[in-house]
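Before any comments, here is the structure.
Each residue takes its place number in the sequence, starting with 1. Worth saying up front: this structure is predicted, and the values here are computed from it rather than measured. The figures here come from the full heavy-atom set of this structure, side chains too, leaving out hydrogens, waters and symmetry mates.
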Amino acid sequence: MMRTVSGASHPNPLASHAPGLAEMDGIAPAQQRQAPPSSRPSISAASNASPTYSNMEDQTAPAPPASNGSQPARPGFLRAKSDFGPRHPSIPPESAGEGSTDGNFKIRHGWDDQLNSEEYSNLLTSNFFMYYTDKKHETGGCPKSDDCAFPVQEWRMRDRLKTVSAILALCLNIGVDPPDVIKTNPCAKEECWIDPTVTSQTPGHTPMNQIGKALQNQYEQLSMRTRYKLLLDPTTEEARKYTSTLRRNARNERVLFHYNGHGVPKPTSSGEIWVFNRNYTQYIPLSLYDLQTWIGAPSLFVYDCSDAGLIISNFNRFAEKHQTEFEEARRRDPTVEHVDFSDCIHLAACREKESLPTNPELPADIFTSCLTDPITMAVRFFILQNPLPSKVTARDAHNIPGKVSERRTPIGELNWIFTAITDTIAWNSLSKPLFKKLFRQDLMVAALFRNYLLAQRIMRAYHCHPVSHPEIPQTHDHPLWRSWDLAVELILAQLPDLQAEARGEKEYTYKHSEFFSEQLTAFEVYLKQGAVERQIPEQLPIVLQVLLSQVHRLRALILLSSFLDHGPWAVNLALSIGIFPYVLKLLQSQANELKPVMVFIWARILAVDQSCQADLLKDNGYQYFINIFNPNSGIPIQNASEHRAMCAFIVSMFCKDYNQGQRASLSPELVESCLGHLKDMQNPLLRQWSCLCLSKLWVNYEEAKWVGIRCMAHERLCELVVDPVAEVRAAMLHALASFLGIRDVTAQVANIEESIASMILVMTTDGNSMVRKELLIFFSTFVARYKTRFIVAAFEQFSEEQNDTISTPPEERNGEGLYMKTRATETGGATGSTSCSQNTIYSAIWKELLVMSVDPHPEIAKDAGIVVDYILIALIESSLAKFVQPQLDEALQHVPTPRPMRRALDESSSMHKVSAPPTPTKDASYLSLFGGIRKSTSVGASLKSLWTGHDPPSPTQKPSARAKIEDTHTPTVDSRPQTPEKYHVEEQPTSRGFKTRNLTEKPEIPLKSAFFEWSVEYFREPQMKPTEADEPGSTDYNGRLWRRNRNDKIIAETQPLKEIAVSNRWDVPRGYFDNLTQPSKMCFHQFEDHLVVTDNRDTVNIIDYSKAVSRINCFSNGNPPESKITDVRFINEDDQALLMTGSSDGVIKIFRNYDWKGETELVTGFRALTDLVPSNKNAGLVFDWQQGRGLILVAGDVKVIRVWNAGTEVCTNDIPARSGSCITSLTSDQVEGDVFVAGFGDGAIRVYDQRQKPATAMVKVWKEHKQWVTNVHLQRGGQRELVSGCRSGEVKLWDIRMDRSVKTIQATTDHLRTLSVHEHAPVFATGTQRHRVKIFNINSGKPVSHFEPYSGFLRDRSAPICATAFHPHRLMIAAAAVHDNHVNIFSCHEPRHSAVKTVKLWEGSTTVPSRTSTLG
C-alpha cells in the first residue's frame, strides 16, 4: 500500500481505516512534509560549494508538494535518501571556489535551475519511496499457511444450557436451635431479610412461608423463566419425590438445588445433609449418593450451612463411585444411559470446619443474600465497613430508589456497574474455558457466580471462605473492587437528597456515575499504548456492558473497532467475551452514525470467522451492508469508498461457499453497484473487492451469471485490463474465472467466453506475477471447459512445428538448432496449410500457455506446466494419438545429443500412460524459437516434462531467444567456447512459499486460486496504526534510523574528496578475490560495503570488502543456457536494498536478501522485452533504474525503449528507438527523470524526452562515434556530465542543448573495452585491450592515473579488461580482465588528515511512505 506522511493521527472508524491509494498513473500524491531551509541545506546552497548535486537518485518529479498546513522543525523521519550530494551544512563560502577543479563551476544541460528552487529542494529532502516491498511482493500472493495463521477459536456456546427447574430447600425449623450450634446473643437472625422471630398477624403468612416466598422472589430477579419449587423443612420422602420429578421434567437441562441448613445439624463426616421426619421430631440424614441419583446431572448445588465444604468433597467422591458403577453396567449392557456427574456445579458458604458468621449486623443467610440480592448486601457491607460518621444507616441499603431493570435509575445503574465489574474480574482471573463455562453457558450459573465473587469478598472479612466447584481463584483483592466502592459511595452520598426529593421536600437531579466513561478512557489508554505484547485488556467486558447504553454506545463501538484492528487475536477475544449478539442486534438499527463503525467491526469479524453467514441471513442483516454498498446511499463520513469496500468484502464473505447467501444477495442492483464502483479510481480497495464480490456471487450460481450478462458485467470488467493496481487486475481475472462455466454452452455463451478470453490475452505481458498467476487460472478454467478444442490446437501446432523443422534448410539454423522463421510464418502465410485452430482464441491461448510454462516466475512456470501437460496427456489419450506418435518420434530424432547437466535427472519419475518408447533426455536447446509465439518456447518444451517425467520447463530450463552469434560478436564478451554445464552451478532462489511440483500426481485442472484468501488477510491486519517498521523504538525503525544516519555520514565524508580524485593516483589496492567464473558486470552498493559481480552465464556473486574481501553469497539468476546476465543494479539502496538483474532472454528479476546465503528470495520476475531481434552484434538487455520515479527503462536488441512502472508493474510506454541498430547502453537524468540517453551499436547517441509523445520523444541524435558505443553515462552529481565512449577509443562529452560534442578525448589507441564514470568526481575510467585501466580527468581530458589488475601468478598480463565499475560515492574502482576470474578493487590516495565534517543526526518522528500503487 502507499503510506502517506502526514501530521494527522491514526484513523478511527469514523475517519479512515486504511491509507489512500494510487491514482490512474499508479503514483498517488503523498502528503509531503516540507523542511525549512535550516534543517538541511538547500541544494542551491550546496551548489556553490562543490560540483555536486544532492539527491540525484531517489527523487520524484518536481511537483509542488501538498502541504499539510504545518511546517515541522525538520522533515519527518522518512526512509533514507540516496543523496548523491551533500545533505548537511555546506562548505563555508570561502572554500567554494575550491570545489571545482577548473575554477569555473557550471552545471551541464541547463539544469542549474534544478539547484536553485527551494521548493524543489524541500521536495527532494522530504520524500522517498520504496518499491517491490509491498505485501504482494513479500508473500508472492500466497496466503499464510495454517501454522502461521491465527486459529479461529470456538466462541459460540454449542452446549448452551438453561436452568429450567429449581428446588429451594429451607431447613430452618424456626424456634428450635440445632444441637451442635451454640448461638451468641445477640446473633444473626434474618433470613432473606426477614426476622423469623417476628410473627405475622396475617393468617397463613408464617415467617417460614414469608422467607420461602422472599427467597423465590430473589431468585426470580436472577432468572424469571426457571420453575421454582419450595421445600420448607422437607422430609426425606418430599426431597426424593420433588427432586426426581424435576429431573424428569428437566430432561437434559440443568436443575438447581438450593439448600439452607441453618435449622439442622452440620453435615456429617460423609457429607450427608439433614432433613426431617414427618413429625419433625428427628433429624434424618440425606445421603449424597441418593441425592445424586435423584437430581442427576447437569445440576447446580448451593449449600448455605456451616462445614459446607465437606459436602463438595464427598459429593465428588460419590460421583466417582457412580462413574465406576456406570462403567461396570456398560460392560454388561452397552445401551445403559450415562449420567456425567462431572458436569455438576457447587457453591458452598464456607470451608470444612468453618462456621457461618453470627454477627447480628449481618443476615443469618449472608451467603444466600450475596448470591441472590447482591446489591443490597454489597451496599450494606460498604456501610458497615465505612469508618467515617454518616447519616446513612445499614437499613438505607434497602432504600436505594429506582428499579433494578432500569439502568438510568440509581439502583439500576448500580446493578449495571456491579454486573460489569464482576464480569470483568472473572474475565481477568479465570481461564478462558472456565470463564466460558461458568459465565456464558447458563444465565443462572453466570448470575450466581458473579454474585459468588461478592460473597468471596464479604465473607472473607468475617473469617469465612466460600468454596466452589469448579474452583475459581480468590478475587477479594482485585483492584476493580475499589471502583465498585467508589460507585457505591457516590450513590450513597446522594441518597439523603434523593430520599428528600422522593418525599417532595426538595428538587434534586440524580448525577449519573462516571464509571463507564472512565473505564472507556482506560480502554482508550490501553489502545494508545499499542497492545504490543497482545496483553489482554481488562476493560473488554465493561465495553460489552456499555453497548447496552445509548449514551456511550458510539464511543464504545469506535474503541472496540480500534481493538479489533489489532488482528485475529483481538477478534477472538471479543467474540469469546460475547460481543457477537450485540453487534448482530445493532444491524437492525438505522442510526446513520453507527454505520461506518458497524461496517468496520463486521469486516473484522468475518475476516476471522466465516461461520457468521447464517446469522446474517436470519434477520436480513446482510441487507444492512448491501444498502450501504449502493453508491446512492449516503454514509456520514468522508471516506465512504473505503467503507463500501468493506461492505463488498462482507457481502463476498456472506456468499463464499454459501448458496443461500448467494441467493439472498443476488439482485441486479447489487451487480450494478459492483460494476459502478469499478470506476472509482480513487480507491483500489473498492475496485478490488467489487470484483471479488462479483466473483463470489457467480461461483457455481448460474442465475447470477445471467444477471451479469444482462448487465454486460464481463465487458465492463475487462476494462480493468489496464488498471494501475495489480490487485485490482488480479481480482478482475478472479471474477472472470468464476464467470465461466454456464452449463449450457450455447452460441451466445461461447461467444461471450471467447470474447472475454480475447480481451484479457494481452495480460500475459503483465509485470506482476500475481496477475499472471490469476490469468493462468482463468486459462486453466477455459481449457477445462473447451478441452477438445485445445487438443486440436496442440495437435495442429505440434504438426506445424514438425513440418517447419523438417522444411527449414540446415544452413538457416545455427549450431544450437535455433532458427528464425520468416515473418510470413507468424501469420500463417508461409505454411500454406489450413488448420481448424488457426487464428482462433484456442490456438492463441495454447501458445500463451507454452510461453507461461517458461515464465521467469517459478510458480507460474510450474502451474502452466501442469495445464500444458494436462492437454498433452489428453492429446495422447485421444484419437489423434496415432498421428502424434510418428511426429513425436520424428521430433526426437532431431534432438541434439544431450549434454550433461549439473543435477542428475530422475528417470524413475516419468509420467504414466506414456505411449512413446524410452527416449533420451532432451536438452532445453531443442526448443525452437517458434515464430508464431512472441517468446522462446514450443510444444517440445512441454513434451519434455510429459515424456521424460522431468519438471515442466522452468526458469532453470528456459529456452533462449539468442543465437550463438550473441556471444561471438558482442565486443565485450569472452570469445572462448561456452560451457553450458557450468549453468545453474549455484542454487536458484525461488519465490516465497514456492513448492516444487509432485510429478507422481496426474495433472488436474482447473487450477485452484488462493487470491481470495490472500486478499482477505488485508482485513486481518492492522490498518489504523503504523507498521512495526514505522513505530518509533521498534527494531526495524531503529535500524532504518541508523542506516539513514550512516548514509548521511558517508555522503558527508566523500563529498570533499572530489578534488583529490583528479590530483592523486588511483593505485591503492583494496583487495582482490577469485570470482570462480569470468566476471562480466559489476555494481557497487552506495552505502553497504557490497560489490555484486555477475559472470557471463547466470551466477551472481556478492562480495563484502569492508575488512577482508570475501564472498558472502552466490546464487543463480536462473536464466537459461546460451543466455547471460547483461545488467545489474541495486534498488531501494537507502534502506534495505533489493538486487535487480537483467538477462539477455529479455527477463528482469528482483531479489531480496541478496547478501544472506540460503535466504535469498525472488521478489518478482517478468519478461521486460519480447520479440528480441537477433543481429550480428547483440547487446542482450540493458536497463536503467530511476528510483525517484520508480521506472525501469529497458532496451537492447529491440526497436523500442520500453518504460516499465515499478508501482503499477505494467509497461507504460514503448518509445521507438528510431534506429535499426541495437541499443548498447542506457542512462537517464535521475533527478527529474524526464530525459534519458541511449547509445547504439552503430555509434549513434540519441536523447529522448518522456514528456513528449512516443513518436516525437527522440529530441536529439549525435552520430560522431563511428563504432559500437561501449557505454554512455549521465552523472548524477558533480557537473552532470554526459560521457560516452566507443570501441575506437574516443570518449566524448555532450550537452543536450548542443548539436555536437563538447569535448573529445582519445582515451586509447586500441579497443576501448569498458567505460565507467564516477557519479560525483570529475573522473572516468577506461578498460583497454592491453590489460590496463586508465583514469582520466573529465575537465582537462588528461590521464590522472592507471593500473593493471592483478591476474594471478604466471597469468596472461595482456588480457583485455572486461569490466570496470566506480563506487557511487567513495573514490574506489573495481576491475576485471578476460580469461581471468579475479576481480581487483583499487582506491585513490587520500590525505591522512582530511577535514572532519560534522554530521547532524536524524531523529525519527513519523511514518514512512512506501510508493506503490497497491493496497498492500
Side-chain angles (χ1 to χ4, degrees), residues 167-219 228-243 257-288 290-291 301-311 348-350 352-369 371-372 459 462 464:
I167 294 172
L168 307 180
L170 299 173
C171 300
L172 298 179
N173 198 13
I174 295 172
V176 180
D177 290 340
D180 59 349
V181 174
I182 301 171
K183 290 187 177 179
T184 61
N185 188 19
C187 74
K189 294 179 183 177
E190 290 181 338
E191 303 277 352
C192 297
W193 310 112
I194 295 171
D195 186 345
T197 60
V198 178
T199 57
S200 171
Q201 304 302 319
T202 310
H205 282 65
T206 63
M208 191 68 185
N209 287 342
Q210 287 178 303
I211 292 169
K213 193 65 180 169
L215 180 62
Q216 183 173 333
N217 287 339
Q218 286 175 195
Y219 262 110
Y228 297 95
K229 176 61 182 173
L230 281 170
L231 292 183
L232 306 176
D233 291 343
T235 62
T236 307
E237 185 57 34
E238 285 175 335
R240 183 194 62 75
K241 174 184 171 184
Y242 290 113
T243 52
F257 181 77
H258 177 101
Y259 175 71
N260 181 327
H262 296 171
V264 293
K266 295 178 183 177
T268 65
S269 58
S270 57
E272 295 163 313
I273 57 177
W274 298 91
V275 288
F276 302 94
N277 65 356
R278 283 190 179 179
N279 299 325
Y280 297 98
T281 56
Q282 287 183 323
Y283 300 113
I284 306 295
L286 187 61
S287 164
L288 279 182
D290 292 339
L291 195 60
F301 296 89
V302 177
Y303 311 111
D304 189 350
C305 60
S306 298
D307 265 3
L310 192 62
I311 305 175
C350 58
E352 185 179 348
K353 297 182 180 175
E354 280 186 352
S355 296
L356 295 177
T358 58
N359 187 329
E361 295 178 322
L362 300 175
D365 63 344
I366 181 172
F367 186 60
T368 300
S369 296
L371 294 184
T372 59
M459 297 184 72
Y462 300 101
C464 217

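- A 4.5 Å side-chain heavy-atom check between V264 and V275 finds every atom pair outside the cut-off.
- Here W193 pairs with H398 under the ring-ring contact (aromatic ring centres under 6.0 Å, His included) rule; sequence neighbours left out.
- Scanning for side-chain contact (heavy atoms from CB on, under 4.5 Å) contacts around P179 gives P265, Y283, with sequence neighbours left out.
- Contact record, A348 with G309: CB-N, 4.2 Å, taken as the closest heavy-atom pair.
- Between the side chain of D307 and the main chain of K266, no donor-acceptor pair closer than 3.5 Å is present.
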For residues 356-363, which side-chain donor-acceptor pairs fall under 3.5 Å, sequence neighbours excluded?
residue : atom : partner : partner atom : Å
N359    : OD1  : E361    : N            : 2.9

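- Residues forming a salt bridge (Lys or Arg N to Asp or Glu O under 4.0 Å) with E237 (at least two apart in sequence, or on another chain): R240.
- Legend: residues meeting ring-ring contact (aromatic ring centres under 6.0 Å, His included) with Y280, ordered by chain and number and at least two apart, are F276.
- Note: Q210 CD to L215 CG = 13.5 Å, rounded to the nearest 0.5 Å.
- Atom CD1 of I284 is separated from atom SG of C171 by 11.5 Å, given to the nearest 0.5 angstrom.
- Here the CG-OH distance, from L291 to Y259, works out to 10.0 Å after rounding to the nearest 0.5 Å.
- At distances below 3.5 Å, not a single donor-acceptor pair connects side-chain atoms of H258 with backbone N or O atoms of D304.
- Between I311 and F301 the shortest side-chain heavy-atom distance does not fall below 4.5 Å.
- Across K189 and P196, no two heavy atoms sit closer than the pair O-CD, 3.3 Å.
- Between L232 and N209 the shortest side-chain heavy-atom distance falls below 4.5 Å.
- Under the rule for a salt bridge (Lys or Arg N to Asp or Glu O under 4.0 Å), the partners of D177 that lie at least two apart in sequence or sit in another chain are K183.
- The two residues T372 and T368 have their closest heavy-atom pair at OG1-O, 2.7 Å.
- Between A349 and C464 the shortest heavy-atom distance is O-SG, 4.0 Å.
- A distance of 11.5 Å separates CD in E190 from CD1 in I366, rounded to the nearest 0.5 Å.
- To the nearest 0.5 angstrom, E191 atom CD is 4.5 Å from D365 atom CG.
- No donor-acceptor pair closer than 3.5 Å links the side chain of Y242 to the backbone N or O of I167.
- If you take NE2 on H262 and CD1 on I174, they are separated by 12.0 Å, rounding to the nearest 0.5 Å.
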